[in-house]
Number of protein chains: 2
Amino acid sequence: MAKILTSKNGTKKEVIIQKAAQLFKSKSYTAASMRELAEALGVEAPSLYNHIGSKSELLQTICFKVGNRFTEQIGIIRGGSATVIAQIEEIIRFHIQMMLENFDEVYVANHEWKHLSEPLLNDFLNIRRNYEKSLAELIETGIEKNELKKTNPYVAVLTILSAVRGIEFWHRNKKNISPQMLEDDMVNHLLNGIAQ
Amino acid sequence: MAKILTSKNGTKKEVIIQKAAQLFKSKSYTAASMRELAEALGVEAPSLYNHIGSKSELLQTICFKVGNRFTEQIGIIRGGSATVIAQIEEIIRFHIQMMLENFDEVYVANHEWKHLSEPLLNDFLNIRRNYEKSLAELIETGIEKNELKKTNPYVAVLTILSAVRGIEFWHRNKKNISPQMLEDDMVNHLLNGIAQ
DNA sequence: CCTACCGATCGGTAGG
DNA sequence: CCTACCGATCGGTAGG
């Protein structure tokens with residue numbers, strides 16, 4: 001009877017994935033049921049399986065889409081000729097923008113990846129490890145070039161990635177902070193600190 | 001038949017809570033079953049209910065124990081007479097130590113609180129909001145006293161709390177980073193930045 | 001796209 | 001502390 005709306009939202013499968021990301025984010029992957037997802041889309045649960053293979057396939061699609069997008073972007077940035085500091089700033093800004101523009105999917109990739117099943121779980125962790133390694137190399141280069149203070153690259157990676165990930169706690173319009181100000185303040189904090 | 005071991009681990013209830021934190025951390029609250037918890041403790045599932053009221057009670061106990069501990073500590077630190085910078089440093093170090101010493105419970109409080117049911121969910125969020133507010137006030141004081149750069153206090157709180165929370169991704173012995181070095185590097189990064 | 005339905009698993013209780 | 005068991009809900013399939 002009811003049909004999944006697709007107007008300017010891509011294929012039906014894409015619409016399902018988008019709604020799934022929203023649901024997995026607000027209820028967590030395990031607690032979200034396929035019946036709830038179906039209801040949110042206006043159909044009965046079994047109808048979903050005409051478009052998707054399984055619940056876990058939805059999670060996989062979301063996690064790898066996000067992981068691959070970040071990997072692609074750090075390659076583009078590091079392939080450029082900007083200074084190390086400028087590249088780090090670009091990376092931080094990209095993280096913040098991704099978090100603001102693809103909130104549901106980034107949130108799910110950050111929080112629900114542990115419910116991936118092998119061998120995909122291992123693949124996902126490898127994507128993440130390689131990303132962190134690439135960022136650590138960039139920081140090492142910055143230290144060698146004397147653009148950055150001498151510090152442990154892995155702790156710096158941890159600090160930066162954790163900070164930008166925290167944007168998920170930021171609520172729009174709260175305290176009158178614009179996205180631009182959030183970006184500028186956080187970049188400045190991570191690069192220059194807050195001590196006077 | 002089997003009995004829950006309590007030797008130097010506190011009461012049986014405390015042993016159950018500790019194992020629950022471990023299980024909720026590795027499998028998530030929803031995916032972890034009471035049967036698994038019972039098995040990890042060497043008893044049958046119904047036996048658990050002689051010591052605890054329900055699964056959700058376990059989550060509540062963990063979340064509020066952690067939340068109250070942090071609230072207590074920031075009160076102690078802010079009640080002292082150290083400079084603002086020294087107090088912020090103390091707070092950062094306390095977060096890192098809590099994450100290292102009470103990993104399972106801190107992790108669960110950070111990740112699984114959303115499965116609390118009302119009105120406890122609201123109580124927990126209030127505890128967290130008040131904590132963030134207290135830290136923001138401290139930062140505002142630091143700016144007024146010219147100890148800190150002029151920056152948005154809420155963004156600074158977000159950056160600091162997110163960074164320390166990220167310690168959960170840090171694996172012991174990895175890359176030969178000692179806890180002391182981790183603490184020092186992260187405090188230095190957040191206070192002074194990494195740019196040369 | 002639906003109705004009807006399956007086997008598995010869940011949190012928790014009764015009763016001893 | 002156990003065995004036995006309950007009603008509810010889950011992901012997914014059959015068949016049209």
Side-chain angles (χ1 to χ4, degrees), chain A residues 1-7 9-17 19-63 108 112 114-118 120-121, chain B residues 1-7 9-17 19-63 108 112 114-118 120-121:
Chain A
M1 190 88 80
K3 299 232 177 166
I4 295 174
L5 296 178
T6 56
S7 62
N9 289 319
T11 68
K12 292 179 184 180
K13 185 164 186 172
E14 283 164 353
V15 174
I16 293 173
I17 291 166
K19 264 285 187 242
Q22 206 178 326
L23 197 64
F24 293 169
K25 179 204 69 184
S26 57
K27 299 208 51 168
S28 89
Y29 174 72
T30 320
S33 73
M34 296 304 276
R35 283 161 176 81
E36 282 176 295
L37 177 58
E39 192 181 14
L41 290 162
V43 296
E44 296 299 320
S47 303
L48 293 173
Y49 292 89
N50 290 309
H51 305 287
I52 63 160
S54 65
K55 185 187 183 187
S56 67
E57 182 203 277
L58 291 172
L59 180 63
Q60 289 159 25
T61 304
I62 295 165
C63 289
V108 169
E112 308 294 330
K114 69 165 65 168
H115 297 109
L116 289 170
S117 41
E118 296 291 6
L120 289 162
L121 174 59
Chain B
M1 191 88 78
K3 300 232 178 167
I4 296 175
L5 295 177
T6 57
S7 61
N9 289 319
T11 68
K12 292 180 184 181
K13 186 165 184 170
E14 283 164 352
V15 174
I16 294 174
I17 291 166
K19 264 287 187 240
Q22 205 177 325
L23 197 63
F24 293 169
K25 179 203 70 185
S26 57
K27 299 207 53 167
S28 89
Y29 174 72
T30 320
S33 74
M34 295 304 276
R35 281 161 176 82
E36 281 176 295
L37 176 57
E39 191 180 15
L41 290 162
V43 296
E44 297 299 320
S47 303
L48 293 173
Y49 293 88
N50 291 308
H51 306 287
I52 62 161
S54 64
K55 186 186 182 187
S56 67
E57 182 202 277
L58 291 171
L59 181 63
Q60 289 159 25
T61 304
I62 295 166
C63 290
V108 170
E112 307 295 329
K114 68 164 66 171
H115 295 109
L116 289 170
S117 41
E118 297 290 6
L120 289 161
L121 174 58

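The basis for the numbers below is simple: all heavy atoms, side chains too, and nothing from hydrogens, waters or symmetry mates. Every chain is numbered from 1, with letters handed out A, B, ... down the list of sequences.
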Between the opening five pairs and the closing five pairs of the helix from C:dC1-D:dG16 to C:dG16-D:dC1, how far apart are the helix axes, to 10°? 0°
From the candidates C:dC2, D:dC1, D:dT13, the one with an atom nearest any side-chain atom of A:Val43 is C:dC2
Backbone of [Y] reached by a side-chain donor or acceptor of [X] within 3.5 Å:
X: A:Thr61; Y: A:Glu57; value: yes
X: B:Tyr29; Y: B:Ser56; value: yes
X: A:Glu39; Y: A:Arg35; value: no

Between the protein and nucleotides 14-16 of chain D, which nitrogen or oxygen pairs come in under 3.5 angstrom?
none

Does A:Ala45 or A:Arg35 map to a spot on DNA chain C nearer the 5' end, using the closest nucleotide for each? A:Ala45
Return the 5'-most residue of the pair A:His51, B:Lys55 with respect to DNA chain C, ranking by each residue's nearest nucleotide. A:His51
Are B:Thr30 and B:Ser28 linked by a side-chain donor-acceptor pair shorter than 3.5 Å? no
Take the protein atom [atom1] of [X] and the nucleotide atom [atom2] of [N], then report the distance between them rounded to whole Å.
X: A:Met34; N: D:dG11; atom1: CE; atom2: C1'; answer: 8 Å
X: B:Tyr49; N: D:dT3; atom1: OH; atom2: C1'; answer: 16 Å
X: B:Lys12; N: D:dC1; atom1: NZ; atom2: C1'; answer: 8 Å
X: B:Glu57; N: C:dG11; atom1: CD; atom2: P; answer: 15 Å
X: A:Glu44; N: C:dA4; atom1: CD; atom2: P; answer: 11 Å
X: A:Phe24; N: D:dC10; atom1: CZ; atom2: P; answer: 13 Å
X: A:Glu39; N: C:dC2; atom1: CD; atom2: C1'; answer: 16 Å
X: A:Lys27; N: D:dG11; atom1: NZ; atom2: P; answer: 11 Å

Heavy-atom pair of closest approach, residues A:Ile52 and A:Met34: CD1-CE, 3.6 Å
For residues A:Ala38 and A:Glu44, report the shortest heavy-atom separation together with the two atoms involved. CB-C, 3.6 Å
Base, sugar-phosphate or nothing for [X]? Non-hydrogen atoms, less than 4.0 Å.
X: A:Ile4; result: sugar-phosphate
X: A:Ala32; result: sugar-phosphate
X: B:Ser47; result: base

Intermediate values then yes/no, side-chain contact (heavy atoms from CB on, under 4.5 Å), A:Ile16 and A:Thr11: CA-CA 9 Å; A:Ile16 293 173; A:Thr11 68; over 6 Å; no
Between A:Tyr49 and A:Lys55, is there a cation-pi geometry (under 6.0 Å to ring centre, at most 45° from the normal)? no
Would you mind checking if B:Glu36 and B:Lys19 are paired as a salt bridge, meaning a charged N to carboxylate O distance below 4.0 Å? no
